[in-house]
Amino acid sequence: MKIIGHRGTRGLCPENTIASILKAIDHDVDMVEFDVRVTKDGVAILHHDQAIVDPSGNELIIAHTTYAELLRHKPDLAALDHAIRAVQHHCPMMIEIKPGVPVKQTVAVIRDRLARGWRLNEFMIASFDYQLLRYVKRAFPKVTLVVIERWSGVRATSRARRLGTKYISMNQKWLWLGFLKLMKKKGYRLSAYTVNDPARAKKWKPYLYAIITDRPDLFKK
């Protein structure tokens with residue numbers, strides 16, 4: 001069972017930052033996960049929500065604001081390209097593109113990194129958005145796609161079949177042992193998010209491909 005750092009190490013550092021990613025690497029994660037959105041001027045950045053709220057309470061909608069302006073309000077805001085370079089081949093990356101976010105900017109960044117010596121197997125592209133994953137598959141037919149689903153195993157497996165992938169990520173709140181055993185039997189590589197309980201992870205370990213955790217320090221190898 002692989003240990004994937006959630007938004008870097010969300011439980012130890014500000015999420016989706018370079019510091020958070022480096023902290024995940026310090027804790028020897030098997031993979032690091034982060035979220036991608038796109039600014040008004042077409043820069044792919046790391047952020048979970050649609051808006052950035054600065055320390056003064058100002059809310060800036062990412063899609064309506066330039067990267068330079070966002071940086072003035074959040075100096076540790078990371079561009080996707082910077083994040084990939086920070087990982088520097090230490091481990092693969094699970095890049096979650098948020099639903100409805102333009103995809104071409106992320107595709108362009110990955111293509112540039114591939115041209116500079118990165119390998120396609122260093123990237124997994126994940127999303128709740130089925131159409132978005134279809135776009136990525138056309139751009140990179142051999143990239144590993146991850147279908148993210150909150151609760152419906154039927155919907156998750158249907159989308160995975162149509163995309164030609166065995167990788168699914170689901171909310172751990174809706175998982176139970178019988179379902180995990182069935183998914184393993186059918187050959188799916190299931191990740192559970194967000195798992196911060198070592199006892200639960202140990203119980204599920206025989207059936208999971210990975211856990212996505214805020215606290216990789218709790219899961220020493």
Side-chain angles (χ1 to χ4, degrees), residues 4-27 29 31-87 93-110 123-133 135-136 146-151 169-174 191-197 211-218:
I4 301 175
H6 185 218
R7 306 180 199 170
T9 44
R10 183 172 181 250
L12 301 173
C13 281
E15 65 180 49
N16 283 319
T17 60
I18 299 298
S20 190
I21 290 169
L22 295 178
K23 181 66 74 172
I25 292 169
D26 285 345
H27 285 291
V29 295
M31 192 179 304
V32 63
E33 182 266 358
F34 41 77
D35 303 306
V36 171
R37 291 191 178 273
V38 174
T39 66
K40 179 181 179 181
D41 52 340
V43 179
I45 62 165
L46 272 56
H47 201 70
H48 181 270
D49 298 333
Q50 293 182 0
I52 286 173
V53 180
D54 72 10
S56 299
N58 299 304
E59 183 177 86
L60 299 96
I61 304 299
I62 292 170
H64 301 163
T65 313
T66 67
Y67 179 53
E69 177 66 14
L70 290 169
L71 274 176
R72 285 194 283 271
H73 292 264
K74 190 179 190 303
D76 63 353
L77 182 64
L80 174 59
D81 182 63
H82 299 161
I84 294 171
R85 284 188 280 145
V87 174
M93 292 155 276
M94 182 183 289
I95 300 174
E96 180 184 342
I97 308 175
K98 305 308 287 185
V101 168
V103 187
K104 63 180 183 179
Q105 292 85 355
T106 300
V107 167
V109 171
I110 293 174
F123 302 96
M124 299 177 79
I125 308 299
S127 188
F128 287 96
D129 189 327
Y130 170 72
Q131 295 300 333
L132 187 154
L133 291 174
Y135 182 103
V136 173
V146 183
V147 173
I148 309 179
E149 169 59 45
R150 288 183 178 85
W151 62 271
S169 181
M170 293 186 67
N171 190 323
Q172 58 97 16
K173 293 178 181 178
W174 303 102
S191 302
Y193 70 89
T194 305
V195 180
N196 299 319
D197 179 355
I211 60 162
I212 300 173
T213 180
D214 298 329
R215 293 287 306 274
D217 58 309
L218 299 177

Practice prompt. Report the distance from atom CD1 of Ile95 to atom CD of Glu33, rounding to the nearest 0.5 Å.
Written response: 10.0 Å
Practice prompt. With sequence neighbours excluded, tell me which residues meet salt bridge (Lys or Arg N to Asp or Glu O under 4.0 Å) with Asp76.
Written response: Lys74
Fill in: Heavy-atom donor-acceptor pair, Asn171 side chain to Trp151 backbone, under 3.5 Å
no
Practice prompt. Kindly write out the residues that satisfy salt bridge (Lys or Arg N to Asp or Glu O under 4.0 Å) with Asp81, not counting sequence neighbours, or none if the list is empty.
Written response: Arg85, Arg113
Worksheet entry | Derivation of the side chain to side chain contact (heavy atoms under 4.5 Å, CB included) call for Leu12 and His27 | CA-CA 11 Å; Leu12 301 173; His27 285 291; 3.7 Å; yes
Fill in: Ile211 side chain reached by Ile4 side chain, heavy atoms, under 4.5 Å
no
Worksheet item: CG of Leu77 to CG of Leu70: how many Å apart, nearest 0.5 Å?
Response: 6.0 Å
Fill in: Test item: Glu96 side-chain N/O and Phe34 main-chain N/O as donor-acceptor pair under 3.5 Å
no
Worksheet item: Can you tell me if Thr194 uses its side chain to pair, donor with acceptor, with the backbone of Ile212 under 3.5 Å?
Response: no
Item to complete: Heavy atoms only: give me the nearest Leu46-Ala83 pair and the separation to one decimal.
Response: CD2-CB, 3.7 Å
Worksheet item: Can you find a pair of side-chain heavy atoms, one from Ile110 and one from Ile125, that are under 4.5 Å apart?
Response: yes
Discussion item. Any non-hydrogen side-chain atom of Ile45 less than 4.5 Å from a side-chain atom of Thr39?
Written reply: yes
Practice prompt. Could you tell me which non-hydrogen atom of Glu15 sits nearest to which non-hydrogen atom of Ser20, and how far apart they are?
Written response: CA-OG, 4.1 Å
Worksheet item: Do side-chain atoms of His82 reach the backbone of Ala86 as a donor and acceptor pair under 3.5 angstrom?
Response: no
Response to the item:
So the side chain to side chain donor-acceptor pair (under 3.5 Å) pairs with at least one residue in residues 60-69 (sequence neighbours excluded) are Glu69-Arg72, Glu69-His73
Worksheet item: Quick one: are Leu218 and Thr213 in side-chain contact, heavy atoms under 4.5 Å?
Response: no
Discussion item. With a 3.5 Å distance limit and no angle check, can you tell me whether Arg37 reaches the backbone of Ala63 through a side-chain donor-acceptor pair?
Written reply: no
Worksheet, complete the sentence: To the nearest 0.5 Å, atom OH of Tyr193 lies from atom CZ of Arg150 at 5.5 Å
Discussion item. Quiz question: by atom type and distance under 3.5 Å, do the side chains of His6 and Asp214 form a donor-acceptor pair?
Written reply: yes
Worksheet item: Measuring from Asp129:CG to Ile97:CD1, what's the distance to the nearest 0.5 Å?
Response: 9.0 Å
Item to complete: Examine distances only and state if a side-chain atom of Asp49 and a backbone atom of Ala51 form a donor-acceptor pair shorter than 3.5 Å.
Response: no
Practice prompt. Mind running side chain to side chain contact (heavy atoms under 4.5 Å, CB included) on Met124 and Met93 for me, showing each step along the way?
Written response: CA-CA 6 Å; Met124 299 177 79; Met93 292 155 276; over 6 Å; no
